[in-house]
Asker: 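Before I ask anything, here is the structure I am working with.
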Protein chains: 2
Amino acid sequence: MLSDPSKIGRVSGTGAKRGRPPTFDRAKALAAATRLFWEHGYEATSIGELTKAMGMRPGSLYAAFGDKQGLFKEVVQAYGRSPVGAFMGAALEDEPTAREAFRRILRDAAAIYPDPSHPAGCLTISAATNVTVQDAEVAAFLRDLRNANLAAFETRLRTAQRDGELPATADPRALAAYFAAVIQGMSQRARDGATAAELTETAELALAAWPGAHG
Amino acid sequence: MLSDPSKIGRVSGTGAKRGRPPTFDRAKALAAATRLFWEHGYEATSIGELTKAMGMRPGSLYAAFGDKQGLFKEVVQAYGRSPVGAFMGAALEDEPTAREAFRRILRDAAAIYPDPSHPAGCLTISAATNVTVQDAEVAAFLRDLRNANLAAFETRLRTAQRDGELPATADPRALAAYFAAVIQGMSQRARDGATAAELTETAELALAAWPGAHG
DNA sequence: TCAATTCTTGAGGGATCGCTCAACAAGTAG
DNA sequence: CTACTTGTTGAGCGATCCCTCAAGAATTGA
């Protein structure tokens, strides 16, 4: 109701917008926020630290992102589209066999999680494990993402079983849960100081659980 | 200096102490605090929630435990001495072979972590993963405990190798890190809703990495 | 009974939390 | 130019954070 088509949507030929243009680069601001949330987690990162790192005052932050949860969710979405956050989905899609996909996932995790160019571990795994009751929604948001990854693992393994790659005796659900646990453990170990070399050994050992693998 | 032996230490025959006796049961108060820290983590648990659950006013809490960090450390120590918190050390000591020890550790973790009689997962693993800079010491406290567990794993595997239980080609350090990662991942999965049955399957799959295990 | 000791109590202090808002600045449209 | 729109700014609000302290209550020793 009360909709005026001439004011809905920007149909100007160039991307020229009205009003004062933002002085901050949204992508860079998100990158700064990502680093803080990744390192310390959602609640342990204050608006004050965020505004300082993002180079903007609280008013600008709230005008651009709504509130702290909105900023966090946009950070998580951007992380999920970045190479570092999307390597699992990429492996599941790119690799021809499930075996190769999970081997690549584990090896990538071993290389990425301890990479010193960013905070250790996986943001989705570790950024909202300790929250107060009033931020339970944020924890649930990441938990749902993790469980969605688990479901994607199971789906990939189930098609592998249908295609004959995986023996009929194998349990796709159990295998998926096992690999999910190993990956989450590798993230934790990276945050505790494990090196890429150590995590690679963990990845290789984990692959011994693959049906038919003899190690 | 200024030490008066008659005032140092309680040498009275009965356990009678001077002054007003505490109105709270220290063990029960610690149990209540443990539950909160376990569920929400160190910083996400406020003094207000603690005093309410422990049945004491802030002044009493600070007189009894020093400060929040002191209370937390005493909680962690009590947890480490409880059956639920000490099952790994118990298995390492009780079982005759390393293989049996790690099998029992994994199976116990699968049963204990999702047990509904207490918060999910392991307190040492999950209670201080998201902290502000001023509480970095608390995170380091738990990290050191985890890495000490890792070292105990490696030690047990090294003696197993010396005793001939483990082949010379096996890598005790890598195996220890692998099992540590699996256990930490199982704790995370339990907090994400994994059941004891699912975690038991994960435990069995994890054991496939044992040198010489086939299938 | 009277000190000495220990614990509880209620009030609240200083700092920080997430967040808001009126005033101002910088752009486009006519 | 004026009108309009959007972004920035600095001050600060109410709530909550961890923690403290003087006063009172409950015990023991003399």
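Lettering follows sequence order; numbering is per chain, from 1.
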Asker: Can you list the steps and then say if B:Q69 with B:Y42 is a side chain to side chain contact (heavy atoms under 4.5 Å, CB included)?
Answerer: CA-CA 9 Å; B:Q69 288 200 17; B:Y42 177 74; 3.0 Å; yes
Asker: What residues form a salt bridge (Lys or Arg N to Asp or Glu O under 4.0 Å) with A:R158, not counting sequence neighbours?
Answerer: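 Salt bridge (Lys or Arg N to Asp or Glu O under 4.0 Å) check on A:R158 returns A:E154.
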Asker: What residues in residues 50-60 of chain B put a non-hydrogen atom under 4.0 Å from any atom of DNA chain D?
Answerer: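 The answer is B:P58, B:G59.
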Asker: Any ring-ring contact (aromatic ring centres under 6.0 Å, His included) pairs touching residues 129-161 of chain A, not counting sequence neighbours?
Answerer: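 Listed by first then second residue: A:F102-A:F153.
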Asker: Can you say whether the rings of A:H118 and A:W38 are parallel (under 30°), tilted (30 to 60°) or perpendicular (over 60°)?
Answerer: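 Answer is parallel, since the angle falls under 30°.
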Asker: Please produce a list of atom pairs where a protein N or O lies less than 3.5 Å from an N or O of nucleotides 22-25 of chain C.
Answerer:
{"unit_1": "C:dA25", "atom_1": "O4'", "unit_2": "A:R20", "atom_2": "NH1", "d": "3.4"}
{"unit_1": "C:dA25", "atom_1": "N3", "unit_2": "A:R20", "atom_2": "NH1", "d": "3.3"}

Asker: Regarding A:R103 and A:E204, does a basic nitrogen lie under 4.0 Å from an acidic carboxylate oxygen?
Answerer: no
Asker: Could you list by number each residue of residues 23-42 of chain B showing a heavy-atom separation from DNA chain C of less than 4.0 Å, or answer none if no residue does?
Answerer: B:T23, B:F24
Asker: Apply salt bridge (Lys or Arg N to Asp or Glu O under 4.0 Å) to A:R20 and list each qualifying residue two or more places apart in sequence or on a separate chain.
Answerer: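 Scan of A:R20 (salt bridge (Lys or Arg N to Asp or Glu O under 4.0 Å), adjacent residues dropped) gives none.
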Asker: Could you walk me through whether A:L142 and A:T129 satisfy the side chain to side chain contact (heavy atoms under 4.5 Å, CB included) test, starting with their C-alpha distance in whole Å, then the side-chain angles of each, then the deciding distance to 0.1 Å, before giving a yes or no?
Answerer: CA-CA 9 Å; A:L142 290 196; A:T129 58; over 6 Å; no
Asker: Starting from the 5' end of DNA chain D, give me the residue, B:I47 or B:G19, whose nearest nucleotide shows up first.
Answerer: B:I47
Asker: Round to a whole Å and report the spacing from CD of B:Q134 to P of C:dA15.
Answerer: 14 Å
Asker: Using salt bridge (Lys or Arg N to Asp or Glu O under 4.0 Å) as the criterion, list what pairs up with A:R173, not counting sequence neighbours.
Answerer: B:E198
Asker: Applying salt bridge (Lys or Arg N to Asp or Glu O under 4.0 Å), which residue pairs with at least one partner in residues 124-153 of chain A are found, sequence neighbours left out?
Answerer: A:K73-A:E137, A:R146-B:D192
Asker: Output all residues satisfying side chain to side chain donor-acceptor pair (under 3.5 Å) with A:T155, sequence neighbours left out; order by chain, then residue number.
Answerer: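 With neighbours one apart ignored, the set is empty.
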Asker: So which atom in B:L157 and which in B:A176 form the shortest heavy-atom distance, rounded to 0.1 Å?
Answerer: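 Heavy-atom minimum between the residues: CD1-N, 3.5 Å.
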Asker: Please pick, from C:dA4, D:dC4, D:dG7, the nucleotide with the shortest atom-to-atom distance to any side-chain atom of B:R18.
Answerer: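 Ranking C:dA4, D:dC4, D:dG7 by closest atom to the B:R18 side chain puts C:dA4 first.
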Asker: Hey, can you pull the residues of residues 61-68 of chain A with a non-hydrogen atom under 4.0 angstrom from DNA chain C?
Answerer: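 Result for residues 61-68 of chain A: A:Y62, A:D67, A:K68, sorted by number.
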Asker: Compute the bend angle of the helix from C:dT1-D:dA30 to C:dG30-D:dC1 from the end axes (five pairs per end), rounded to 10°.
Answerer: 0°
Asker: Atom CG of A:L71 and atom CG of A:D67: how far apart are they, to the nearest 0.5 Å?
Answerer: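 Taking CG in A:L71 and CG in A:D67, the distance rounds to 9.0 Å.
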Asker: What integer distance in Å separates A:L71:CG from C:dC19:P?
Answerer: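 To the nearest whole Å, that distance equals 10 Å.
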Asker: Any idea which heavy atoms bring B:A44 and A:T132 closest together, and the distance?
Answerer: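 What the structure gives for the nearest pair is O-CG2, 3.3 Å.
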Asker: With under 30° as parallel and over 60° as perpendicular, where do the rings of B:W210 and B:F179 fit, or are they tilted in between?
Answerer: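 Ring orientation of B:W210 relative to B:F179: tilted.
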Asker: Report, one line per pair, each donor and acceptor closer than 3.5 Å where one atom sits in a side chain of residues 25-32 of chain A; sequence neighbours left out.
Answerer:
{"unit_1": "A:D25", "atom_1": "OD1", "unit_2": "A:A27", "atom_2": "N", "d": "2.9"}
{"unit_1": "A:D25", "atom_1": "OD1", "unit_2": "A:K28", "atom_2": "N", "d": "3.3"}
{"unit_1": "A:R26", "atom_1": "NE", "unit_2": "A:E74", "atom_2": "OE2", "d": "2.9"}
{"unit_1": "A:R26", "atom_1": "NH2", "unit_2": "A:A64", "atom_2": "O", "d": "3.2"}
{"unit_1": "A:R26", "atom_1": "NH2", "unit_2": "A:E74", "atom_2": "OE1", "d": "3.0"}
{"unit_1": "A:R26", "atom_1": "NH2", "unit_2": "A:E74", "atom_2": "OE2", "d": "3.1"}

Asker: With heavy atoms under 4.0 Å as the rule, sort B:T132 into base, sugar-phosphate or nothing.
Answerer: nothing
